[in-house]
*Asks:* 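The structure that follows is given in the form of structure tokens.
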Amino acid sequence: AELLAALKILEAGDVTPAAMLGSWAGAIGQPQILPSQYLDVAVDFDRDGRRDVWNSVPDSLATIANFLIGEGWDPKRGWGFEVIVPPAVACSLEGPEQGKPLRDWARLGVTRADGAALPTGASVSYLMMPAGRLGPAFLVSRNFYTLKAYNNSDLYALYILHLADRLGGGGPLKAAWQEGERFPRARVALLQKALEKRGHDVGGADGLVGFRTRIAIGREQAATGRPVTCQPDQAMMTGLP
């Protein structure tokens, strides 16, 4: 399907075969989208008659924006903000499936890291703690997860959105990133398989500590009386079969 889509792009004359360069996985141009996505969302924003995501910055940025709008990005909403999560609020409450109205997070004692008042409306926000208790925490809107449709990485989405805030005059993150224990990806995958055997949903044993794995680790740590960090540690590595 992607080969046929690529041939349609060439047939349309938007790019020559020699200039149609892509990544090892087939993603093309500055936005790094697949050929089929190009056919759906590419935009000739500079109005030169070609949808050129290889050389035209306007076309590339407009194409990314068009993709995000199609995935549900709401330009009237922000993406989120850094918060302080009290110890009584479990880090395993994070993720896009455990959203709560902002007023409920406020009742739990979650506060904005910048000292501003936490909105107390009914709009649903989601706890996001990419390093568990070892780094900053955030309350995010659905826009955060919409950006993950472009690149399915919590840290990628956080970097892009925080960079946008900084370009708009925002300050740095308040909380520090602590150095946690590091394990080879293959060892993390074994931990994930062990967690699956105990009934946890880790989103697949891929060796990556995504939000499902963080939730599973946090719940297992709580069930076994260990300090709850939602991050893998040596005690868990050796304690699970």
Side-chain angles (χ1 to χ4, degrees), residues 23-27 34 71-72 80 82-101 104-105 107-110 124-161 175-241:
S23 71
W24 65 270
L34 294 174
E71 292 293 326
E82 187 182 1
V83 294
I84 298 173
V85 180
V89 178
C91 51
S92 57
L93 287 176
E94 80 156 309
E97 298 165 355
Q98 302 188 87
K100 299 178 186 296
D104 288 356
W105 290 116
R107 290 193 190 105
L108 290 172
V110 177
V124 175
S125 290
Y126 310 85
L127 184 62
M128 203 278 290
M129 302 178 72
R133 288 286 179 185
L134 306 181
F138 307 86
L139 283 180
V140 301
S141 72
R142 289 304 309 179
N143 277 348
F144 179 87
Y145 294 104
T146 297
L147 186 57
K148 286 187 65 178
Y150 184 78
N151 185 313
N152 190 27
S153 164
D154 287 335
L155 290 178
Y156 176 91
L158 175 62
Y159 179 90
I160 294 298
L161 295 165
W177 298 88
Q178 302 176 45
E179 186 68 29
E181 297 181 67
R182 295 180 179 272
F183 302 96
R185 185 169 173 175
R187 186 66 186 88
V188 174
L190 291 176
L191 172 64
Q192 290 171 318
K193 291 178 181 178
L195 289 166
E196 286 179 329
K197 290 180 180 179
R198 289 179 175 255
H200 297 286
D201 177 12
V202 299
D206 58 3
L208 301 174
V209 186
F211 74 89
R212 292 187 191 277
T213 298
R214 296 194 295 270
I215 292 170
I217 290 173
R219 289 174 176 172
E220 186 67 23
Q221 288 171 329
T224 54
R226 296 188 175 102
V228 181
T229 64
C230 295
Q231 286 289 289
D233 54 34
Q234 190 60 51
M236 176 164 282
M237 287 291 186
T238 55
L240 288 176

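Computed from a prediction, not measured in an experiment: that's the story for all the values here.
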*Asks:* Donor-acceptor check, side chain of Arg187 to backbone of Met237, threshold 3.5 angstrom: yes or no?
*Replies:*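 Yes; at least one donor-acceptor contact below 3.5 Å.
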*Asks:* Taking the side chain as everything from C-beta on, heavy atoms only, tell me whether Cys91 gets closer than 4.5 Å to Thr229.
*Replies:*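 No - every pair of side-chain heavy atoms lies 4.5 Å or more apart.
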*Asks:* If every non-hydrogen atom of Lys148 is compared with every non-hydrogen atom of Ala157, which pair is closest and at what distance?
*Replies:*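 In terms of heavy atoms, the two residues are closest at CG-CB, 4.0 Å.
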*Asks:* List in chain and number order the residues that pass side chain to side chain donor-acceptor pair (under 3.5 Å) with Asn152, two or more places apart in sequence or in another chain; answer none if no residue qualifies.
*Replies:*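 If we apply the side chain to side chain donor-acceptor pair (under 3.5 Å) test to Asn152, skipping adjacent residues, there are no hits.
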*Asks:* Just verifying a value: how many Å separate Asn151 CG and Ile160 CD1, rounded to the nearest 0.5 Å?
*Replies:*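 Result: 8.5 Å between the selected atoms.
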*Asks:* Please tell me whether Glu71 and Thr146 have a donor and an acceptor in their side chains that are separated by less than 3.5 angstrom.
*Replies:*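 No donor-acceptor contact under 3.5 Å links the two side chains.
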*Asks:* Quick check against the 3.5 Å criterion: does Gln98 have a side-chain atom that pairs as donor or acceptor with the backbone of Glu94?
*Replies:*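 Present.
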*Asks:* If you round to the nearest 0.5 Å, how far is CG of Leu127 from CZ of Phe138?
*Replies:*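 Here the interatomic distance stands at 10.5 Å.
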*Asks:* Just so I know, are the side chains of Phe211 and Asp154 near enough to count as touching, which here means a heavy-atom distance under 4.5 Å?
*Replies:*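 Yes; the side chains approach each other to less than 4.5 Å.
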*Asks:* Starting from the C-alpha separation in whole Å, work towards a yes-or-no answer on salt bridge (charged side-chain N to carboxylate O under 4.0 Å, His left out) for Arg212 and Glu97.
*Replies:* CA-CA 10 Å; Arg212 292 187 191 277; Glu97 298 165 355; 2.6 Å; yes
*Asks:* Contact between Pro232 and Val209 at the side-chain level, heavy atoms closer than 4.5 Å - yes or no?
*Replies:*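 Yes, at least one pair of side-chain atoms sits under 4.5 Å.
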*Asks:* For Gln231, is there any backbone N or O sitting under 3.5 Å from a side-chain donor or acceptor partner on Arg214?
*Replies:*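 Not at all, since once roles are kept as given, no pair shorter than 3.5 Å links the two residues.
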*Asks:* How close do Pro130 and Leu155 get, heavy atom to heavy atom, and via which atoms?
*Replies:*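 Closest approach of Pro130 to Leu155, heavy atoms only: CB-CD2, 3.7 Å.
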*Asks:* What heavy-atom pair brings Leu208 and Val188 nearest, and what distance separates the two atoms?
*Replies:*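 So the minimum-distance heavy-atom pair works out to N-CG1, 4.4 Å.
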*Asks:* So does Lys100 get a backbone contact from the side chain of Trp105, meaning a donor-acceptor N/O pair under 3.5 Å?
*Replies:*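 At least one qualifying donor-acceptor pair exists.
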*Asks:* Identify the heavy atoms of Pro86 and Arg133 that sit nearest to each other, and give their distance.
*Replies:*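 Closest pair (atom of Pro86, atom of Arg133, distance): O-NH2, 3.2 Å.
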*Asks:* So which atom in Ala205 and which in Ala189 form the shortest heavy-atom distance, rounded to 0.1 Å?
*Replies:*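 Smallest heavy-atom distance, with atoms named: CB-O, 3.7 Å.
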*Asks:* Applying ring pair (Phe, Tyr, Trp, His ring centres under 6.0 Å), can you list everything that pairs with Phe144, at least two apart in sequence or on another chain?
*Replies:*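 For Phe144 there are no ring pair (Phe, Tyr, Trp, His ring centres under 6.0 Å) partners, ignoring immediate neighbours.
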*Asks:* Restricting to ring pair (Phe, Tyr, Trp, His ring centres under 6.0 Å), what partner residues turn up for Phe183, sequence neighbours left out?
*Replies:*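 With neighbours one apart ignored, the set is empty.
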*Asks:* Tell me the closest heavy-atom pair linking Ala216 and His200, and the distance in Å.
*Replies:*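 It is CB-CB, 3.6 Å.
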*Asks:* So, does Gln221 use its side chain to make a donor-acceptor pair with the main chain of Cys230 at under 3.5 Å?
*Replies:*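 A pair under 3.5 Å: yes.
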*Asks:* Can you confirm whether Met128 sits close enough to Leu139 that some side-chain heavy atom of one is under 4.5 Å from a side-chain heavy atom of the other?
*Replies:*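 They are not in contact (no side-chain heavy atoms under 4.5 Å apart), so the answer is no.
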*Asks:* Hey, could you give me the CG/CE distance between Leu93 and Met129, rounded to the nearest 0.5 Å?
*Replies:*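 Leu93 CG to Met129 CE: 9.5 Å, rounded to 0.5 Å.
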*Asks:* For Glu220 and Leu195, indicate whether the former's side chain and the latter's backbone hold a donor-acceptor pair under 3.5 Å.
*Replies:*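 A pair under 3.5 Å: no.
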*Asks:* Closer than 3.5 angstrom, by distance alone: can the side chain of Thr213 be matched with the main-chain N or O of Val202 as a donor-acceptor pair?
*Replies:*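 Here the side-chain-to-backbone pair exists.
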*Asks:* Passes side chain to side chain contact (heavy atoms under 4.5 Å, CB included), Arg142 versus Tyr126? Steps please.
*Replies:* CA-CA 8 Å; Arg142 289 304 309 179; Tyr126 310 85; 2.9 Å; yes
*Asks:* Using side chain to side chain contact (heavy atoms under 4.5 Å, CB included), reason through Leu191 and Ile217 one step at a time and then give a plain yes or no.
*Replies:* CA-CA 9 Å; Leu191 172 64; Ile217 290 173; 4.2 Å; yes
